[in-house]
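The structure under discussion appears below in the form of structure tokens.
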Amino acid sequence: MTMKDKVETAQDNLPFAIRHFSPDALRAALKKMYLIRLFEEGAEDSYTRGLIHGTMHLSIGQEASAVATCMELTDADKITSTHRGHGHCIAKGAEVGRMFAEFFGKETGYCHGRGGSMHIADVKTGNLGANGIVGGGLPIAVGAALTAKRLGRDDVTICFFGDGANNEGAFHEALNMASVWKLPVIFVCENNKYGMSTSIERSTAVRYIADRAVAYSMPGETVDGNDFSAVAEAMHRAIARARAGEGPSLVENLTYRWRGHSKSDRNRYRTKDEIESWMARDPIARFRADLITHGILNDESATALQQAAEADVAQGIEFAKASPAPQITEVTKFVHAEVSA
Amino acid sequence: MTMKDKVETAQDNLPFAIRHFSPDALRAALKKMYLIRLFEEGAEDSYTRGLIHGTMHLSIGQEASAVATCMELTDADKITSTHRGHGHCIAKGAEVGRMFAEFFGKETGYCHGRGGSMHIADVKTGNLGANGIVGGGLPIAVGAALTAKRLGRDDVTICFFGDGANNEGAFHEALNMASVWKLPVIFVCENNKYGMSTSIERSTAVRYIADRAVAYSMPGETVDGNDFSAVAEAMHRAIARARAGEGPSLVENLTYRWRGHSKSDRNRYRTKDEIESWMARDPIARFRADLITHGILNDESATALQQAAEADVAQGIEFAKASPAPQITEVTKFVHAEVSA
Amino acid sequence: MNAQTAIPEVKTREMSYAEAIRDAMAIALERDPTVILMGEDIGVYGGAFQVTGDLVERFGTDRVMDTPISELGGAGVAVGAALTGLKPIFEFQFSDFAALAMEQIVNQAAKMRYMLGGEAAVPLVFRMPAGSGTGAAAQHSQSFEAWFGHVPGLKVVQPSTPADAKGLLLAALEDPDPVIIFEHKLLYKMKAQVPEGYYTTPIGKAQIMRPGRDVTIVASAIMVHRALEAAEKLAKDGIDAEVIDLRSVRPIDRDTIIASVRKTGRLLCVYEGVRTLGVGAEISAMIAESEAFDYLDAPILRLGGAEAPIPYNPDLERAAVPQAPAIEAAARQLVRREV
Amino acid sequence: MNAQTAIPEVKTREMSYAEAIRDAMAIALERDPTVILMGEDIGVYGGAFQVTGDLVERFGTDRVMDTPISELGGAGVAVGAALTGLKPIFEFQFSDFAALAMEQIVNQAAKMRYMLGGEAAVPLVFRMPAGSGTGAAAQHSQSFEAWFGHVPGLKVVQPSTPADAKGLLLAALEDPDPVIIFEHKLLYKMKAQVPEGYYTTPIGKAQIMRPGRDVTIVASAIMVHRALEAAEKLAKDGIDAEVIDLRSVRPIDRDTIIASVRKTGRLLCVYEGVRTLGVGAEISAMIAESEAFDYLDAPILRLGGAEAPIPYNPDLERAAVPQAPAIEAAARQLVRREV
Ligand SMILES: Cc1ncc(C[n+]2csc(CCOP(=O)(O)OP(=O)(O)O)c2C)c(N)n1
Ligand SMILES: Cc1ncc(C[n+]2csc(CCOP(=O)(O)OP(=O)(O)O)c2C)c(N)n1
Ligand SMILES: [Mg+2]
Ligand SMILES: [Mg+2]
């Protein structure tokens, strides 16, 4: 979504997103949310069919956070993502076909089949990668922001991380350095209440992760992460601050993952009621309804968007299935640059 | 210093230390401060004479922080210390003879000559050791507090660390766990304005380290670390809280090291004026004057204490010099327990 | 594969490798009130690989402690606890995450007794699920035993059977110094007979899993099973391989390996860690400088992991570490070799 | 010891090893605006070992950045910067502190290109002052080259001369992948002739420092100088030792070592890291499985660091790592050995 997509309206009592973004941009955002949902459902299904190896971490229920966070970013802006990174990847502009191909371990995948779900990156659209190490991306994001500042560019870096990751030492070191050096990075915590099975209450000495922003003298804001407009508005402020050279911010999106942590999860640490109460707060249904209310879409055109996303996903799966696997002899390819091999 | 040494007085407008501790305890504290100062001057001198190998980190100027922090501790209470740990070691009850012996690499040293200045420990008096790794002692202290809690003991652990150490990830992880588990540990930051050459302003996103306590939902207090009574009072509150099972605290003692960071320091990052202004705030002279003002000592008895400390140091050096070196064949002794060797 | 144990008389029960480890922990928690378990999601979740399982229900959250996602700090808490009277068993969710805690494991735990001249000790156990084969790619599939094997002050074991998994864990708890246990993820579901009750398997002793005359194959962890599979194939062609389960990387059981090589004259080392500077390098070097050198009828061969991170694609992943056919081929090559 | 360089024609100047490194960094900062230096106290302090010296005055705090005491985060910032267009040279104050950053170095930097299927790269240099001999004891004296040498995706060098220190650092900066440079603290003050201006010393090539017929001594870092000292003594008794400076731990220059062993029939590996699973283990294993095996007239010997943390007492400290007399004795033992 580029800044050109944004329009200002006089109706200041409208939600931020409706005021701030063009109808096209808003429709594209809804389509991305569908794409994320359907991509992950497709991945789940492919896993069941044995097409996918390993494990996966689904972000179903968290789509608003991913898409709204990335609304104002261009391809020059960077993100670092997490083990639960499909949504970020799609939000930042990746194609689901190459993502499925990566899942299926194919040469046409974003990582040529070497990385899989936990390492998907799409450097061209500014996604520096998912990360299998909780907290691994935090200092990397600070480094990307350092590059922008040193090279005099105005791009910003968004660092996604989870509530669980906030207890890693890397969190502390990264936020401190970003603040001391006033770097254009926004730390976006997707607080879905649990790090695997461990709730915030049992793992974290503060109630909200954004409460820790004060320890780094940066603005910290906690928003309803299932409210597209609320996330986009908080990000708008943080990005403006970053681009203006005023330094980093911490934005916390309260949200929830509907699925288990990964395939091995038996959901022993949370109740069915809790899960259902969050499913009732589906961020996609809510955004869709908002867009309809504000006349950006009608039910029919919304359904058309959803169907377009379905088609993309179906095509993506076909593309991935039809793609070639890497050569079995090429185990050491990509360890080093070819030239120096 | 045991709790038995403490007496309550009716004169509530007296400084805390004068009200709270017995005259004997206060005199012993002053002697310890002299011992620290003289031990370090002796170590410096021994270094110049080639009796000491390696480097050393002197805490001259920080004596009040070490001694006041440890005032209420018994041998059952633990401390973890730092690379700048001679003061903590003496404050906790170590003998200067065995400390010198360690410096001189002798078998009679606290670590049998294996550890040297950066690893001096005196487990019997509850000192779990200096540490060559900045921040290394932070989680270790939390572990010691966990032991106390699990074994139902009421001892507390004091974790000394520097302002520089507060930017290590270990700081964040340790304080968070201590708080979540409500452990009896007190984090004592000796803020001497610099981590080696790097000032707080250039390294740390907050002005005071205690400002970070809020990120761990624990009390944080910044005190004049050269004011014996102020430190003792803050520690009194923190220790009471810890013993009562209410959890950890962060106490920050603002102080200053007169000497360079270590032997390689050219003092390029600070001014002579700054150093001199802090030398004018000598914590020992101040405490001595306070004790005289409040009639705990007179000039003569204070000087006698100082001379007693001098004699201890001189004897300590002689003991160390006369002590045997380890057997050169015993390089691998102490790697594992003897029984399992 | 049958469990081979130090105490063959006792009653046994079939258990998986994961269950055997859980059994060891339950016994330890029962016997010794100072034992505690720490780790991420080892409580109600039962551990990422379901190793701790229901222990939190049996022993409570004070003994089975979920930690925040703080590997460095968590390991350091375990060190401090060990230093002052507890005996922690600390689980890393994947051994790869120990990269975050090398400072506490190596700079603190391993050296503490030495730095303090024997005046203190750090008796604890780090459990590390290791190895590839689960499709979890480069950051969740490593084999770090060579790193820890290089560190004085540590002991490092790699059980390959349920019985050893239990016996080595109980031995590690008796050890007065830090012990690292690498548990191979692909073995967690392997079942075998395991002695009931308390017993220990001595740390530092290799085990001859299959005696043979023609070639010595020293293997560790999952590679033991692949080596045994290869040995069966070789036997059909009259090649009699001796398969040794290394079991302990630090210390290495020099005597057992040397005795075998003196007998067979041929040595093949098989390990999953990266080939260069992996465990096989040490075994090879140890033999090359030992009295067994003169008995060698062929160069010492090593089969180790590829010089690459573990790839995601399942075929590449398999190709990245030794499989039974490669072991068989290497053994044949050694035996064919003219002196 | 004279500097031996790839470009013998150029003008040289006497410099210390520390000055040569600084010279390389100054040249890099001049040539390439994307090069930045990061590390603790590398600015106004000039670095704990005065290696960066006055560079901050010459290039400013934007190019020569003091970091907070945050090794993991600092290394990670360098990784992120490298990934997006800068070329950081990151100084650890002591290599021991890299234990705090293994996650970023090994799980991220080393694997990034691979995990991303070649779509990204992390061109950076980690400088690590290493080794014992300064009285700084167990946590400030380690030699971790074997750890990094075990990690695919990294290159690892150990310059032993001022000329190599400069040439290898400049080569590391040209390398499109992460390179780790171990600088031996005892060498910082060593002086020798160093070529002026820009040149690179190829990574992955060993160097024959002294040709000889009777025994090959492969040594690294400070051990090169001790080996040369031993070789002089041996020469007096007519024993002609070939001394090879390993220079690069990953990759290891197999060809140069094999050629030498084919000539001499005897191999002694000398390294400061802990003996078990140290660099010598790999060299020994490499030879024991190579064609040179058949030319060996004696077992391969290794001299490495003691199986102990580095002790504080200076005599113990010296006893904990190989010294020239031990190298001499080991070489004699090899040469005396009857075949
Ligand atoms: C360093 C590290 N520790 C542990 C893990 C295992 N792990 C993967 S995801 C996860 C939970 C992360 O929680 P959070 O940051 O809240 O993200 P969420 O899964 O909720 O999106 C854990 C413990 C890991 N991958 N890396
Ligand atoms: C992990 C680690 N990083 C760096 C160092 C080198 N170093 C030793 S002391 C020090 C400064 C520590 O500053 P602070 O914590 O403020 O303590 P102070 O020296 O001021 O007492 C540094 C950088 C170290 N020993 N360990
Ligand atoms: Mg979460
Ligand atoms: Mg300081």
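Every chain is numbered from 1, with letters handed out A, B, ... down the list of sequences. As the structure is a prediction and not an experimental result, all values here were calculated from the model. Values below: all heavy atoms of this structure, side chains included; hydrogens, waters and symmetry mates excluded.
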Turns out that what part of B/Lys78 lies under 4.5 Å from chain C's heavy atoms comes down to side chain
Pair count under 4.5 Å, heavy atoms only, with chain B: among C/Pro68, C/Ala78, C/Gly80, highest is C/Gly80
So OG1 of C/Thr84 and CG of B/Leu151: to nearest 0.5 Å the spacing works out to 7.5 Å
Shortest non-hydrogen pair, B/Pro139 vs C/Gly73, comes out as CB-O, 3.5 Å
So, the part of B/Ala141 with a heavy atom under 4.5 Å from chain C: the answer is neither
When the 4.5 angstrom heavy-atom criterion is applied to B/Leu128 and chain C, the contacting part is both
Exercise. Please test B/Ile133 against C/Gln104 for side-chain contact (heavy atoms from CB on, under 4.5 Å), starting from the C-alpha separation and ending with a verdict.
Key: CA-CA 10 Å; B/Ile133 302 297; C/Gln104 282 293 334; over 6 Å; no
_Polar side-chain atom of B/Arg150 near backbone of C/Thr34 as donor-acceptor pair, under 3.5 Å_ = no
When rounded to the nearest 0.5 Å, the distance separating CG of B/Leu146 from CE of C/Met38 is 6.5 Å
Among residues 172-186 of chain B, residues within the sub-4.5 Å heavy-atom range of chain C, in order of number, are B/Glu173, B/Asn176, B/Met177, B/Trp181
So, the part of C/Asn107 with a heavy atom under 4.5 Å from chain B: the answer is side chain
Residues C/Gly153 and B/Val335: closest non-hydrogen pair is N-CG1, 3.5 Å
To the nearest 0.5 Å, atom NE2 of B/His336 lies from atom OH of C/Tyr114 at 12.0 Å
For C/Leu72 and B/Ala170, the nearest pair of non-hydrogen atoms, with its separation, is CD2-CB, 4.0 Å
If one checks every heavy atom of C/Ile36 against chain B at 4.5 Å, the contacting part turns out to be side chain
Scored by heavy-atom pairs under 4.5 Å with chain B, the best of C/Ala110, C/Gly117, C/Pro251, C/Gly76 is C/Gly117
Honestly, the part of C/Glu71 sitting under 4.5 Å from a heavy atom of chain B is backbone
C/Lys205 NZ: over 12 foreign heavy atoms closer than 6.0 Å
no
Rounded to the nearest 0.5 angstrom, the CZ-CD distance for B/Arg114 and C/Glu119 is 11.0 Å
Separation between CG (C/Leu116) and CG (B/Asn127), nearest 0.5 Å, reads 9.0 Å
Output for pair (C/Lys111 NZ, B/His119 NE2), nearest 0.5 Å, gives 9.5 Å
pair C/Gln108-B/Asn131: side-chain heavy atoms closer than 4.5 Å: yes
